[in-house]
J.: 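Below you'll find the structure I mean.
Here is the naming used below: chain letters follow the sequence lines, and residue numbers restart at 1 for every chain.
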Protein chains: 2
Amino acid sequence: MIASEILKGKIASYALALGSPKRVLKRNEFLISKGSVERNMYIVESGSLRIFVRNNSGEITLRFGYKGSWMTSFPSFLTGKPSEFYIQAIKKSRLLVIQKKDFYHFIGSSPEHSELWIKMLEEFAVQQLDREIDVLTRSPLERYKRLLERSPTVFQEIPNKYIASYLRMSPETLSRLKKP
Amino acid sequence: MIASEILKGKIASYALALGSPKRVLKRNEFLISKGSVERNMYIVESGSLRIFVRNNSGEITLRFGYKGSWMTSFPSFLTGKPSEFYIQAIKKSRLLVIQKKDFYHFIGSSPEHSELWIKMLEEFAVQQLDREIDVLTRSPLERYKRLLERSPTVFQEIPNKYIASYLRMSPETLSRLKKP
DNA sequence: TGAAATCCTTGATTTTTGCCAAAAAAAGTT
DNA sequence: AACTTTTTTTGGCAAAAATCAAGGATTTCA
């Protein structure tokens with residue numbers, strides 16, 4: 001039903017058949033840092049990670065990954081330019097590595113596959129617009145409730161301080177919202 | 001160079017050849033409201049518009065359109081579900097209408113066209129991630145400066161109160177930022 | 001072009017949320 | 001399991017931005 005899930009399954013099988021490598025990250029280790037070019041996609045087999053950027057005022061959390069998630073510095077992967085994003089393991093994590101050339105070979109290997117990629121990009125666009133609304137929502141309480149409704153799993157997988165950053169509020173504010 | 005620009009040009013020619021209709025909106029008139037299904041894409045020929053959603057605390061501005069912009073309730077167009085978005089003319093506007101079936105016919109009519117659509121979706125994804133960072137940036141001043149740098153045109157085309165909403169701040173705050 | 005409506009600016013006030021600090025709780029490490 | 005480190009919670013305070021209100025400036029439209 002969901003293109004990104006179907007594509008993920010197919011790509012994972014394909015990568016396994018090719019003997020694609022795994023990557024294991026220790027807690028706090030970086031998968032990619034600002035300035036390097038992302039040449040892979042990853043599928044999380046275990047553990048959890050976060051994507052963030054640094055700016056003047058600190059860190060901004062953009063996305064989390066845990067078992068089953070796609071993971072990459074998407075703009076860098078797509079454009080070949082250096083990444084603005086950092087990806088860091090929150091806990092020890094194990095990832096399946098899919099190299100860019102393999103990825104595009106797979107996508108280009110049939111109209112069906114390229115159609116799946118289109119669908120996945122369309123889904124991403126829609127999700128991303130939803131995320132924009134989430135982030136623009138005024139009240140911290142509403143932002144919290146939206147996330148709780150949409151991805152309750154996050155609260156089991158990810159420490160609060162990162163969720164707070166993802167919800168653009170301080171950890172203290174999030175902590176207080178969770179009480180009543 | 002930029003796929004969305006190339007595709008826009010090609011689609012516009014195609015639509016004109018088909019005799020696609022135009023749509024003229026008066027100031028404040030709605031192109032689409034929440035609940036209706038978007039069956040078209042539009043290219044703005046003149047005027048200006050905004051895309052927004054309503055929530056408990058008021059309106060959230062997601063995007064502007066002016067001469068040359070693509071315009072549609074993207075999630076509704078893609079999924080066929082009712083729109084959450086409103087699109088309203090800020091001033092009298094004239095749009096080229098591209099019907100969904102024509103759009104997909106065009107996209108499917110050659111691998112080159114479908115490749116352009118892929119590129120356009122990829123560009124959208126990257127832009128959208130940039131927009132996410134813009135919105136998450138802590139200080140109103142920085143958000144203002146980022147927009148000023150990235151799309152100075154907006155300030156010539158769009159009333160401040162809408163820009164303020166787009167930058168998630170009150171019109172008063174934006175007004176004060178513009179002084180020093 | 002002139003009246004009406006809308007929008008922008010400015011100052012005063014209030015609310016919200018961030019920041020700091022310290023204690024409690026949880027998780028990670030050996 | 002004990003110890004260390006990290007994270008969460010709680011309270012008090014400060015800063016930032018929203019709201020309210022009113023006057024001035026633009027735009028719109030007949």
J.: Report for the helix from C:dT9-D:dA22 to C:dT30-D:dA1: angle between first-end and last-end helix axes, five pairs each, rounded to 10 degrees.
T.: 50°
J.: Which is more 5' along DNA chain D, the nucleotide nearest B:Lys91 or the one nearest B:Met169? Just name the residue.
T.: B:Met169
J.: With sequence neighbours left out, which residue pairs that include part of residues 85-96 of chain A fulfil the side chain to side chain donor-acceptor pair (under 3.5 Å) condition?
T.: A:Glu45-A:Arg94, A:Arg50-A:Gln88, A:Arg54-A:Tyr86
J.: Side chain to side chain contact (heavy atoms under 4.5 Å, CB included) with B:Gln128: which residues, sequence neighbours excluded?
T.: A:Gln128, A:Leu129, A:Glu132, B:Arg63, B:Phe124, B:Arg131
J.: Run the side-chain hydrogen bond (donor to acceptor under 3.5 Å, both in side chains) test against B:Ser36 and tell me which residues pass, sequence neighbours left out.
T.: none
J.: Return each pair, listed once, that meets side chain to side chain donor-acceptor pair (under 3.5 Å) where at least one residue sits in residues 134-145 of chain B; pairs must be two or more places apart or across chains.
T.: A:Asn56-B:Glu142, B:Asp134-B:Arg146, B:Asp134-B:Arg150
J.: Sort me out a list of protein N/O and nucleotides 7-13 of chain C N/O pairs below 3.5 Å, or just none if empty.
T.:
residue: C:dC7; atom: OP1; partner: B:Lys161; partner atom: NZ; Å: 3.3
residue: C:dC7; atom: OP2; partner: B:Lys161; partner atom: NZ; Å: 2.7
residue: C:dC8; atom: OP1; partner: B:Asn160; partner atom: N; Å: 2.7
residue: C:dC8; atom: OP2; partner: B:Lys161; partner atom: N; Å: 3.2
residue: C:dT9; atom: OP2; partner: B:Ser175; partner atom: OG; Å: 3.0
residue: C:dT9; atom: O5'; partner: B:Ser175; partner atom: OG; Å: 3.2
residue: C:dT10; atom: OP1; partner: B:Lys179; partner atom: NZ; Å: 2.6
residue: C:dT10; atom: OP2; partner: B:Lys179; partner atom: NZ; Å: 2.4
residue: C:dG11; atom: N7; partner: B:Arg176; partner atom: NH2; Å: 2.4
residue: C:dG11; atom: O6; partner: B:Arg176; partner atom: NH2; Å: 3.2

J.: Give a yes or no answer on whether the side chain of A:Lys8 reaches the backbone of A:Gly68 with a donor-acceptor pair at less than 3.5 Å.
T.: yes
J.: Excluding sequence neighbours, so at least two apart, what forms side-chain hydrogen bond (donor to acceptor under 3.5 Å, both in side chains) with A:Tyr162?
T.: none
J.: Could you pull out all residues at least two apart from B:Phe64 that satisfy ring-ring contact (aromatic ring centres under 6.0 Å, His included)?
T.: B:Tyr166
J.: Nucleotide range of DNA chain D contacted by chain B, 5' to 3', under 4.0 Å to a heavy atom?
T.: D:dA17 to D:dC29
J.: Do any pairs count as a side chain to side chain donor-acceptor pair (under 3.5 Å) and have a residue in residues 74-83 of chain B, sequence neighbours left out, and if so which ones?
T.: B:Ser73-B:Ser83
J.: With sequence neighbours left out, what residues match B:Thr173 under side-chain hydrogen bond (donor to acceptor under 3.5 Å, both in side chains)?
T.: B:Ser170
J.: For A:Ser13, check side-chain hydrogen bond (donor to acceptor under 3.5 Å, both in side chains) against everything at least two apart and list the hits.
T.: none
J.: From CZ of B:Arg168 over to C1' of C:dT16, roughly how many Å is that when rounded to an integer?
T.: 13 Å
